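Data block below; observations after.
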Amino acid sequence: MLEGAKSIGAGAATIALAGAAIGIGNVFSSLIHSVARNPSLAKQLFGYAILGFALTEAIALFALMMAFLILSVFQI
Amino acid sequence: MPIFRRFDENRLNSNKTYSKKSYTTQFAPEPTTTVNPSAASGAQAQALTERAVELRARIHDVLGELMVNRSPDEVLTAAQAVHGESDLIVFLECLLNDLNINGVQSEAFAETWFIAGQAPTIPSPLEQFAILPLIPMNIGHLYFSFTNPSLFMLLTLSLVLLLVHFVTKNGGGNSVPNAWQSLVELIYDFVPNPVNEQIGGLSGNVKQKFSPRISVTFTFSFFRNPQGMIPYSFTVTSHFLITLGLSFSIFIGITLVGFQRNGLHFLSFSLPAGVPLPLAPFLVLLELIPHCFRALSSGIRLFANMMAGHSSVKILSGFAWTMLCMNDLFYFIGDLGPLFIVLALTGPELGVAISQAHVSTISICIYLNDATNLHQSEVVIYN
């Protein structure tokens with residue numbers, strides 16, 4: 001019973017990845033937009049985009065971390 | 001794990017009720033006549049015994065195939081424990097069928113693992129993060145052991161110090177740098193950039209003061225994170241305790257710097273200028289919570305990146321290893337898939353390790369900028 005509930009909880013925790021996916025897509029779509037408008041700034045903008053990507057990805061990893069915690073922390 | 005109960009005709013013929021326990025513990029050899037007590041001729045008994053011996057041998061063979069990486073002695077003891085030297089043909093055939101059809105998933109095999117002292121589960125991907133005391137030490141009631149995190153921290157530290165030592169004045173220090181020297185110069189030059197950009201603010205003299213401290217943080221995590229990617233090594237930054245210690249000490253330091261530079265005006269960071277007075281209590285709360293949460297979040301970010309990345313590499317390499325062990329040509333070809341994914345994941349993992357060092361450095365700079373310059377430097381950041 002507890003095992004099943006843990007699995008459901010861990011699975012539900014990964015729903016949060018949808019938000020992170022939207023965020024990462026948003027970062028790179030903005031990068032493409034900006035570079036298309038002003039290609040001379042491409043290098044600088046790429047640095048910012050990578051920074052934004054890393055920050056967004058970290059949020060996705062919080063969800064993964066929650067899933068791991070749910071799976072491994074609660075013992076019977 | 002009593003899963004198989006032996007088929008017992010005595011029980012069917014008699015009216016006596018047997019307790020459940022008596023069946024499962026009853027693995028002792030019995031005379032063959034119990035199988036068929038009514039027609040117990042000598043020739044038949046002989047044939048049945050031979051059949052039972054053959055079945056036991058086949059169970060042993062099947063188990064030997066299923067138990068990968070185990071010594072023959074272990075297979076033998078496990079096989080004996082499973083069939084229990086039984087002469088009951090029905091029981092043995094049932095066991096063999098189960099092993100042949102279900103293979104690794106069969107109940108008999110689970111029982112085997114249980115007897116052999118290992119659960120049939122896949123090893124946990126979190127196993128690599130175990131902290132093991134290498135030199136146990138206790139000072140009073142405090143646990144001061146020299147553990148594997150300590151060892152790998154010392155390794156990183158010595159690596160950085162050696163690298164820096166060999167390229168600076170004592171070792172190299174050439175005006176035209178060689179490869180190693182330019183690497184160290186590259187790392188050194190990398191740090192003042194974000195420091196100048198972020199902390200410069202309106203007062204220009206701040207940047208030099210904090211540059212060494214931020215440089216140390218960056219260099220340490222820059223060398224420490226990729227070191228965890230070496231197989232069988234230990235990732236120090238994948239531990240909540242260590243990253244949280246780092247981020248909390250930095251947070252406390254930043255708060256002290258803020259009070260030192262701005263006095264009690266530092267408290268004005270929690271209230272942006274031009275806010276109507278009735279809104280002030282809520283806004284102070286709203287600004288204070290994220291400010292304090294920074295201490296947690298910069299630690300959690302580093303830890304979660306390291307831990308999740310390493311666990312996913314471990315899980316995928318576990319898939320590849322399982323498929324490799326399946327002894328089947330189809331699976332062996334299919335094994336290339338997980339293997340390539342593991343290889344492909346290693347690259348981004350190294351990228352994440354390095355970019356997390358960068359990100360944590362930049363976020364430290366941003367927090368420091370908030371503390372030293374309060375709200376006045378937005379113009380400088382976005383110029």
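Nothing here was measured: the structure is a model prediction, and the numbers come from that model. The figures here come from the full heavy-atom set of this structure, side chains too, leaving out hydrogens, waters and symmetry mates. Below, chains carry the letters A, B, ... as their sequence lines are ordered, and counting in each starts from 1.
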Value rounded to 0.5 Å, distance of CG in A/Leu55 from OG in B/Ser363: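 These two atoms lie 7.5 Å from each other.
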Contact winner vs chain A - B/Asn305, B/Val359, B/Ile362, B/Val352, heavy-atom pairs under 4.5 Å: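 Maximum pair count with chain A is reached by B/Asn305.
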Enclosure of B/Ile315 CD1 (heavy-atom neighbours >12, cutoff 6.0 Å):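 Correct, the count exceeds 12.
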Over 12 non-hydrogen atoms of neighbours within 6.0 angstrom of OH in B/Tyr188: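 Check fails, neighbour count at 12 or below.
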Flag side-chain contact, heavy atom, 4.5 Å: B/Arg301 against A/Ile59: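 Side-chain contact under 4.5 Å: no.
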Interface moiety of B/Leu302 toward chain A, non-hydrogen atoms closer than 4.5 Å: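 Interface part for B/Leu302: neither.
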